[in-house]
Amino acid sequence: MLSRSALRARPSNLVRLNISATSFVRGMASDATEHDVVVIGGGPGGYVAAIKAAQLGLKTACIEKRGSLGGTCLNVGCIPSKSLLNNSHLYHQILHDTKKRGIIVGDVKIDVAGLQKAKEDSVTSLTKGIEILFKQNKVDYFKGTGSFVNENEIKVEPIDGSAPSTLKAKNVIIATGSEVTPFPGIEIDEERIVSSTGALALKEVPKRLAVIGGGIIGLEMSSVWSRLGSEVTIIEFQNAIGAGMDGEVAKSTQKILGKQGLKFKTGTKVTSAKRNGDVVTIEVENVKTGKTESLEADVLLVAVGRRPYTAGLGLEKIGIDVDEKGRLVIDQEYRTKHPHIRVIGDVTFGPMLAHKAEEEGVAAVEFIKKGHGHVNYGAIPSVMYSHPEVAWVGQSEEQVKASGIAYNVGKFPFLANSRAKTNLDTEGFVKFISDKETDRILGVHIIGPNAGEMIAEAVLAIEYGASSEDVARTCHAHPTLSEAFKEAAMATYDKSIHF
């Protein structure tokens, strides 16, 4: 398996996708039918790979056992969580923020059932849309569980209970994604002790919500239910929240979220958690001092990460290598030990992000059809959809410092940005890190309004090897939030104008 650093060093040739809505359900194909590509898994990596393969003229099938395309992301992850985040933010803004804007609002109430329906409507629209795309691109869609019979045959067991069939494949792409990582000794019932899936489907606002894990999922769900009225306590084993964030940004994020009412217990481990009726009792211990404490919550969210999902694939029949983390081992062309079987997305190395899986889906298919395809792993953005949003790409200051490279840092606060001022939304800043000798951008970190959209400019800059001066000398419209991005670049190689 090629290391991340080796992959990052390779030239990139990313293919961008514009995916709107989706596909149709095809009946079971004849056992005699051979496909050029069979994709196991219909999540962001799998369905994109299937569509791209069909677009390149390959006879393609996609097997998805959920019965709804889009994987965890569309069904119980990225999409439903963003619906709840957006609508809970609107509610919180109306409740607490409109008066200072000169808008007087009467009695404001929350309708949890209505929030959940809006979420489900969004999910249904998008997943059905992928079925439309499958139909348009002539992808054979099988609703069922796929498992290896041998290296070139995949058994499909339909979810409707009809007779199984077998697909023959010249090439196979495994895109089975990931599942919630369990917490030893804690039983998830999706009622009082919930995973991220259960946290998205609560029928009422818990008075007290405890969250194990201060990563992106934990923080986003904490934001949703805190805005709706929960008293939220986040328990994080590490001394900082936001795994993967630049240290300075993580510290600022915790401070801002703290002002919004979230409580944090960092450097704290959970030793046990049990449900007693409608109350969950959580025992915790300070990592440094060993001091113990007992907490109570109406709902406990376990958000300690995700792990590769390979159950039921029948990998033992074909002998695919698995590493110590349960990830399927691949080379730089996503091939397993069997060259015609490739793996993409959460079930192999790299960040568990939908857009990373999409890029790999395109690249894997291009390797099959054209013999070349690339993903630049040094230019994969991450976003946390709290308010303000947090987004980053490239290396953190801690990573650059550890590498021994001399570097410059430039920052610009949204407090000094005219559009942020007029929007009354000024918390946060943009931070650039560049090579001191060459000025090449090494990393960009944003905490502030619209960070998730703004980070795209940083991804493009890193993809094409831009310097901070390149960005600073590019005209940005006024008044826009993006001017803070330009000014941070100016501050990196020279001086900003407005701060």
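Just the heavy atoms: all of them, side chains too, but no hydrogens, waters or symmetry mates, feed the values below.
Side chain of His374 to main chain of His372: no donor-acceptor pair is present (N/O by atom type, distance under 3.5 Å, no hydrogens or angles). Using modelled atom types, no side-chain atom of Ser125 and backbone atom of Asp121 make a donor-acceptor pair closer than 3.5 Å. No donor-acceptor pair closer than 3.5 Å links the side chain of Thr348 to the backbone N or O of Ile344. Between the side chain of Arg342 and the backbone N or O of Thr336, no donor-acceptor pair lies under 3.5 Å. For Thr181 (side chain) and Arg306 (main-chain N/O), a donor-acceptor pair under 3.5 Å exists by modelled atom type. At least one donor-acceptor pair closer than 3.5 Å links the side chain of Asp323 to the backbone N or O of Lys325. At distances below 3.5 Å, not a single donor-acceptor pair connects side-chain atoms of Ser382 with backbone N or O atoms of Trp392. In this structure a side-chain-to-backbone donor-acceptor pair under 3.5 Å is missing from Thr127 to Gly70. Between the side chain of Gln93 and the main chain of Thr98, no donor-acceptor pair closer than 3.5 Å is present. Although no hydrogens or angles enter the test, the distance criterion places a donor-acceptor pair under 3.5 Å between the side chain of His355 and the main chain of Pro381.
More than 12 heavy atoms of other residues, nucleotides or ligands shown are found within 6.0 angstrom of CD on Gln399. Other residues, nucleotides and ligands contribute at most 12 non-hydrogen atoms within 6.0 Å of the CZ atom of Phe237. Remark: Lys82 NZ is packed, more than 12 non-hydrogen atoms of other residues, nucleotides or ligands lying under 6.0 Å away. Arg66 CZ: more than 12 foreign heavy atoms inside a 6.0 Å radius. Within 6.0 Å of CD on Glu204 lie no more than 12 heavy atoms contributed by other residues, nucleotides or ligands. Counting heavy-atom neighbours within 6.0 Å of Lys317 NZ, excluding the residue itself, gives a total above 12.
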- Apply side chain to side chain contact (heavy atoms under 4.5 Å, CB included) to the pair Ile455 and Glu389, showing each step before the final yes or no. CA-CA 11 Å; Ile455 201 65; Glu389 293 180 347; over 6 Å; no
- Report the C-alpha separation of Asn150 and Glu153 in whole Å, then their side-chain angles, then the decisive distance to 0.1 Å, and conclude whether the side-chain hydrogen bond (donor to acceptor under 3.5 Å, both in side chains) test is met. CA-CA 5 Å; Asn150 54 49; Glu153 293 184 320; 2.9 Å; yes
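The pair Lys356-Asp346 fails the salt-bridge criterion, with no side-chain N (NZ, NE, NH1 or NH2) lying under 4.0 Å from an Asp/Glu carboxylate O. Under the 4.0 Å criterion applied to side-chain N and carboxylate O atoms, Glu34 and Lys59 are not assigned as salt-bridge partners. Here Asp36 pairs with Lys170 in a salt bridge; the nearest charged N to carboxylate O distance falls below 4.0 Å.
Rounded to the nearest 0.5 Å, atoms CG (Leu442) and CZ (Phe432) are 11.5 Å apart. In this structure, Ile433 CD1 and Asp246 CG are separated by 5.0 Å, a value rounded to the nearest 0.5 Å. In this structure, the separation between CD1 on Ile174 and CD1 on Ile40 is 5.5 Å, given to the nearest 0.5 Å. Atoms OG and CG, from Ser122 and Leu84 in turn, are 9.5 Å apart once rounded to the nearest 0.5 Å. Rounding to the nearest 0.5 angstrom, the gap separating the CG atom in Leu262 from the CD1 atom in Ile256 is 12.0 Å. Taking OG1 from Thr145 and CD1 from Ile63, the interatomic distance works out to 9.0 Å, rounded to the nearest 0.5 Å.
Val123 has its side chain within reach of Asn75: a pair of non-hydrogen atoms, C-beta onward, lies under 4.5 Å apart. Ser81 has its side chain out of reach of Tyr385: every pair of non-hydrogen atoms, C-beta onward, lies at least 4.5 Å apart. Residues Glu360 and Tyr377 are in side-chain contact: their nearest non-hydrogen atoms beyond the backbone lie under 4.5 Å apart. Using a 4.5 Å heavy-atom threshold, the side chains of His92 and Gln260 count as separate. Looking at Ser196 and Val180, their side chains come closer than 4.5 Å, going by heavy atoms from C-beta outward. When side chains are defined from C-beta on, Thr253 counts as touching Ile241, because their heavy atoms get closer than 4.5 Å.
Here the rule is side chain to side chain contact (heavy atoms under 4.5 Å, CB included) with His387, and of Asn86, Asp425, Leu85 only Asp425 fits it.
Summarising the geometry of Phe414 relative to Glu427, their closest heavy-atom pair is CD1-O, 3.9 Å, with the distance given to 0.1 Å. Taking each heavy atom of Leu200 and Val76 in turn, the nearest pair found is CD1-O, 3.2 Å. Here the shortest heavy-atom pairing between Ser88 and Leu228 reads CB-CD2, 3.9 Å. Of all the heavy atoms in Ser252 and Ile447, the pair that sits closest is C-CD1, 4.2 Å.
Under 3.5 Å, the side chains of Glu190 and Ser195 contain a donor-acceptor pair of N or O atoms.
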